[in-house]
Structure formats: C-alpha cells, structure tokens
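Read through the structure below, which is laid out as structure tokens, and then see the notes.
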Amino acid sequence: MQQLSKRERVDAALKGEDLDRVPVSAWQHFIPAETQPETLAAASLQYFHTYDWDWLKVNPRATYYAEAWGNRYDYRNYTHVYPRLLDGPLHSPADLDKIEAVSPTSGVFAGQLELLRQIKAGMGGAHFLQTLFSPLSVLGFLVGRPATHSTEAVVQSQYDGLRQYIAENPQGVHNALQQITSTLSAYASAVLESGASGLFFAITKLAREGILSQAEFSEFGKPYDLQLLRAVQSAPFNLLHICGARVYFDAVLDYPVHAINWAASAQQNPQIAEAGQRTNLALVGGVDEHGALQIGSPGQVIEEARGALRTSGRRFLLTPGCATNMLVPPANLHALRQAVEPL
C-alpha cells in the first residue's frame, strides 16, 4: 500500500485499519529544559524529529500539577525526575479543605498551554498528546511529604499519604478530588484548544496490588477519572497509561479512551497477546523500558520489539511500557524506530 503520513498511520492503527507499518514512539524527561515552555518545546521537537517517531507524548515536569495547588520545589536540586519539595498546602488530613478549584488557564497551566502551541507549530500535522495525571495522582503529590527527594522516597510518601488521608478523612478526600477534577477537566479542554490531539492520561502507580485496594481505587480513583475523560472524549486520540507492576488492568477497560499503555513485559501484567483478548482498545507498548532498551544492544532491542509485533493484533502501536531513562542509549532508540520497518 502507499505510504501513510504519521497522522494517518496512527489513526489507522487506532481503528485497526490497513497499515504501511506499525506506528512507533517513546518518551522521556528533559531536565533542565522542563522549567520553561520554550526550552521544553525545543527539546521535545528535537527528540521527535531525531528519532522519526510517529507521534509525540509531551513530557512536562512531573510536579506541575501539584504546583497548581501550591506545592513549591527547588528546581536546582533534582533526584532523577523529582525536584526537592520545599513546602505545600497539606500537612495533615484536616488540611484537605484548602484544596479548591483553581484557574485552568493561569499560572503553571498557562505555561503548559503555551508549550503545546509551540510544539504544534513544529509537528507537521502529526499527533501529540499532553500528559495529564489522574486526579488521585495529583492528590498523591500534594499529600506526600518525603524525608528525602529520592524517587523511592517520593513515591512511597505518596502511597503512605493517600492511605492515611483516605483512612482519616475520606469525605475530605472526595471533596478535594472533586475540586481537582473540575479544574483538570477544564484544563483538558483548553489542552485540545491549544492544538493537542488528546491526553496521555496517567494513573501513576496507584491502581495496582499492594498500593490501594481495588475497592479504594473504585471509590477514590475511577469516578473522577471518568468524569475528566468524558469532558474530552471527542478528542481524536486519548491514551490511558496505567503505570507499574501488578496493575488492575480490567478495572480501567471501560474508560472512554482510544488506547491503553502499560508495562506488558516482566512486571506481572498482561502481555500483549493476552491483553488483546481482554479489550478492544488499541494496545500501546510491547517493549520493556528497563530491559534491552536501557541495558541491551540495538540488536536486542530490535529482537524484543519484533517479538511484540508478532504477538500483536491490528490495533497496535509499538512503544515502551513507560518513560525511558534519561540516559537511554540513543542507538537503542534508533533501533526501536528501525524495528517497525519491513524486513
């Protein structure tokens, strides 16, 4: 068949239509470019064009959602993707009434919308998605008070904080989540108006065994996710990312999105072929971001990627299961792109 444009190729994969080849992409953080729209737009576009990806997942700094509700960070002091937390509005479950709706187009949100406008100008019509954390994920950032800002300490403090706040002030958690959801729903609409094709909607390692129970996720996570996603369900490309090991995969299969991305390799989650039996959503993933892509050779990356392609159905986009390390070898990213070319 004739060669498709990047946008046509992604659209066809989402619908299960004929393809000239499978679409491919990957994403990572760009520190310190993340602090300004101009520098992050330039880094994102350079990355997109250098590796000839078919679509772009915009990767803003992980803390910007929490900044909107008052968390303050020292951007001169990072451990991996997390700057050091200085302070925030929540210090106990009794503080939850401090979380109110904020302007979805002012402050840090205004900077993100400007970022999207600049990225759109350099995409040549290809799809790009803005990353948006789920309301419960945002609340996790607000309740976490890590002793250090290592990745492990930051993430664990979010888990511990959410469990404490849910146990001690469940109604306050619901009230705060509603305020966050209201704001993020309006912001998501503004994201589309700024030119993005949709959302990369991320549930950040919360909907999984050992963190929240399925009942807790069903009460404090899913209703607010659905409310937000319904506000932008007319977008051409919304992608759900359910992060981490041992995820509650079946719990999110009724979300109003076009596709789902998860760690399908080595994390006790459904593999590609199994997932294809459980959902009609397009599947996005297939490559272990911690495996050959990070520590292997280009040949090993191609072998793993083509293994995923052999087990996938028609509605498939090849990517890692999550963000790659910032030090991922460039040769391995080029190999990931090469893997989708006909033999």
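This structure is a prediction, so every number in the text was calculated from the model and none was measured. Nothing fancy with the numbering, it's 1 onward along the sequence. Excluded from the calculations below are hydrogen atoms, water molecules and symmetry mates; all remaining heavy atoms, backbone and side chain alike, are included.
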* Is there a path from Leu90 to Trp69 through hydrophobic residues (I, L, V, M, F, W, Y) whose side chains come within less than 4.5 Å of each other? -> yes

* To do: Using a strict 4.0 Å threshold on nitrogen-to-oxygen distance, state whether Arg163 and Asp160 make a salt bridge.
  => yes

* Asked: Is it true that Lys6 and Asp52 make a salt bridge, defined as a side-chain N closer than 4.0 Å to a carboxylate O?
  -> yes

* Could you list the residues that satisfy ring pair (Phe, Tyr, Trp, His ring centres under 6.0 Å) with Tyr82, not counting sequence neighbours? => none

* Structure fact -> ring pair (Phe, Tyr, Trp, His ring centres under 6.0 Å) filter on Phe128, not counting sequence neighbours, yields none

* **Residue pairs fulfilling ring pair (Phe, Tyr, Trp, His ring centres under 6.0 Å) with at least one residue in residues 245-276, sequence neighbours excluded** => Phe249-Trp262

* Looking at Asn325, Leu333, Val81, which one forms a side chain to side chain contact (heavy atoms under 4.5 Å, CB included) with Gln28? -> Leu333

* Asked: Looking at the rings of Tyr51 and His334, which for Trp means the six-membered one, are their centres under 6.0 Å apart?
  -> yes

* Could you check if a side-chain atom of Arg145 sits within less than 4.5 angstrom of a side-chain atom of Leu85, using non-hydrogen atoms only? => yes

* **Flag side-chain contact, heavy atom, 4.5 Å: Phe316 against Thr311** => no

Do any side-chain atoms of residues 38-45 form donor-acceptor pairs under 3.5 angstrom with protein atoms, and if so which ones, sequence neighbours left out?
| from | atom 1 | to | atom 2 | distance (Å) |
| --- | --- | --- | --- | --- |
| Thr39 | OG1 | Ala33 | O | 2.7 |
| Thr39 | OG1 | Gln36 | O | 3.1 |
| Ser44 | OG | Leu40 | O | 2.8 |

* Asked: Just how far is it from atom CZ of Arg246 to atom CD of Gln267, taken to the nearest 0.5 Å?
  -> 9.0 Å

* Can Gln46 and Thr50 be counted as having a side-chain donor-acceptor contact under 3.5 angstrom? -> no

* To do: Ignoring hydrogens and angles, state whether a donor on the side chain of Gln171 or Asn175 is under 3.5 Å from an acceptor on the partner side chain.
  => yes

Under 3.5 Å, sequence neighbours excluded: what are the donor-acceptor pairs made by side chains of residues 133-144?
| from | atom 1 | to | atom 2 | distance (Å) |
| --- | --- | --- | --- | --- |
| Ser134 | OG | Ser137 | N | 3.2 |
| Ser134 | OG | Ser137 | OG | 2.7 |
| Ser137 | OG | Thr204 | N | 3.1 |
| Ser137 | OG | Thr204 | OG1 | 3.0 |

* To do: Name all residues meeting the side chain to side chain donor-acceptor pair (under 3.5 Å) criterion together with Asn332; count only those two or more places apart in sequence or in a different chain, and write none if there are none.
  => none

